[in-house]
Engineer: 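Input: one structure, supplied below.
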Amino acid sequence: DGGITQSPKYLFRKEGQNVTLSCEQNLNHDAMYWYRQDPGQGLRLIYYSQIVNDFQKGDIAEGYSVSREKKESFPLTVTSAQKNPTAFYLCASSTPTGEQFFGPGTRLTVL
Amino acid sequence: GEDVEQSLFLSVREGDSSVINCTYTDSSSTYLYWYKQEPGAGLQLLTYIFSNMDMKQDQRLTVLLNKKDKHLSLRIADTQTGDSAIYFCAERDPNSGGGADGLTFGKGTHLIIQP
C-alpha cells in the first residue's frame, strides 16, 4: 500500500543527546515536510524539502537538522541545541496540487 | 503573517449536525483543506475546496466557502461517535514559508460528541 511511515512511534531521549526520526514515503511525492505539534499550538513547520538534495528552514528550524538524499526519505535530527524537544512530530508529503498526506507521527519525550 | 483561526472546542449530540468554522486572512489562497486527527495519530485529509467554488459535498461532509468574508465551514451530517477528533482547517499559502505547496494550519477544533 502507498503511504508515509514514521518510526519509531515513541522515542525517549536523555538531555544532551541527538536523536533521529525516520520518515519514508512511497507515494513518489517530491515535496516533504516536518511539523511539530504541541497541545493547543496546532502544527508548526520545522523544515521542508521540495526536491531531492534540497531543503529549506521552516518557522522553527533552530535545534533541528534534516537531509534529503533520496526522494523517499526525509529524516529529522533533533539536536541537543533544541531546548524543548518534547512534542509530537509529524512528517508529510504533498501531491503536485498541494494536498498533504501525513504519517502517523512520532512522540518524543525528553527524560 | 497569514493566520487561520478556529474555535478550540465544539460539542454536539450524536445524530445532530456539526458545523466547524474557520476564518483565514490570505485572499490569494487557492485551496482550502479540512484535516481530521484522531488521538495519537497523524492528520487525515478529509476534503478540500478550490477557491473558485462556493460549496463541495462528499457524503456526510459539506464544505462552504465564503470568499468575501474569508470564511470556511465544514458540516458533518448525522454526527457519530467515530467523528470525535480534532479538525484542522488549512489554506495553501505560497507565502507561508513552506514553499509553493506550503500550508498554514489553524490550531484545530476539538469535536466532542455527547450521547
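Below, all heavy atoms of this structure are taken into account, side chains as well, without hydrogens, waters or symmetry copies. It should be emphasised that the depicted structure is a prediction, and the values quoted were computed from it without experimental measurement.
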Engineer: CZ of Phe105(B) to OH of Tyr35(A): how many Å apart, nearest 0.5 Å?
Structural biologist: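 So the CZ of Phe105(B) and the OH of Tyr35(A) are separated by 4.5 Å.
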Engineer: May I ask whether Leu45(A) and Ile60(A) are part of the same hydrophobic cluster, defined by side-chain heavy atoms of I, L, V, M, F, W, Y residues being less than 4.5 angstrom apart, directly or through others?
Structural biologist: no
Engineer: Decide whether Leu32(B) and Leu46(B) are clustered together by the hydrophobic rule: side chain heavy atoms of Ile, Leu, Val, Met, Phe, Trp, Tyr closer than 4.5 Å, transitively.
Structural biologist: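 Leu32(B) clusters together with Leu46(B).
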Engineer: Got a second to check how far Leu43(A)'s CG is from Leu43(B)'s CG, nearest 0.5 Å?
Structural biologist: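 Between atom CG of Leu43(A) and atom CG of Leu43(B) there are 5.5 Å.
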Engineer: Do Ile86(B) and Leu72(B) belong to the same hydrophobic cluster, where Ile, Leu, Val, Met, Phe, Trp and Tyr are linked whenever their side-chain heavy atoms lie under 4.5 Å apart, directly or via other members?
Structural biologist: yes
Engineer: Nearest 0.5 Å, please: how far is CD in Glu99(A) from CG in Leu45(B)?
Structural biologist: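 With rounding to 0.5 Å, CG (Leu45(B)) is 6.0 Å from CD (Glu99(A)).
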Engineer: Give the cluster check for Leu103(B) versus Phe50(B): same hydrophobic cluster or not, with ILVMFWY residues linked at side-chain heavy-atom distances below 4.5 Å.
Structural biologist: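 Result: yes, single cluster for both.
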Engineer: Report which part of Gln37(B) has an atom under 4.5 Å of a heavy atom belonging to chain A: side chain, backbone, both, or neither.
Structural biologist: side chain
Engineer: Under 4.5 Å heavy-atom distance to chain B, tell me which part of Gln6(A) shows up: side chain, backbone, both or neither.
Structural biologist: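 It is neither, since no heavy atom gets under 4.5 Å.
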Engineer: Decide whether Tyr64(A) and Leu90(A) are clustered together by the hydrophobic rule: side chain heavy atoms of Ile, Leu, Val, Met, Phe, Trp, Tyr closer than 4.5 Å, transitively.
Structural biologist: no
Engineer: Quick check: closest heavy atoms across Tyr35(B) and Gln100(A), and the distance to 0.1 Å?
Structural biologist: OH-O, 2.8 Å
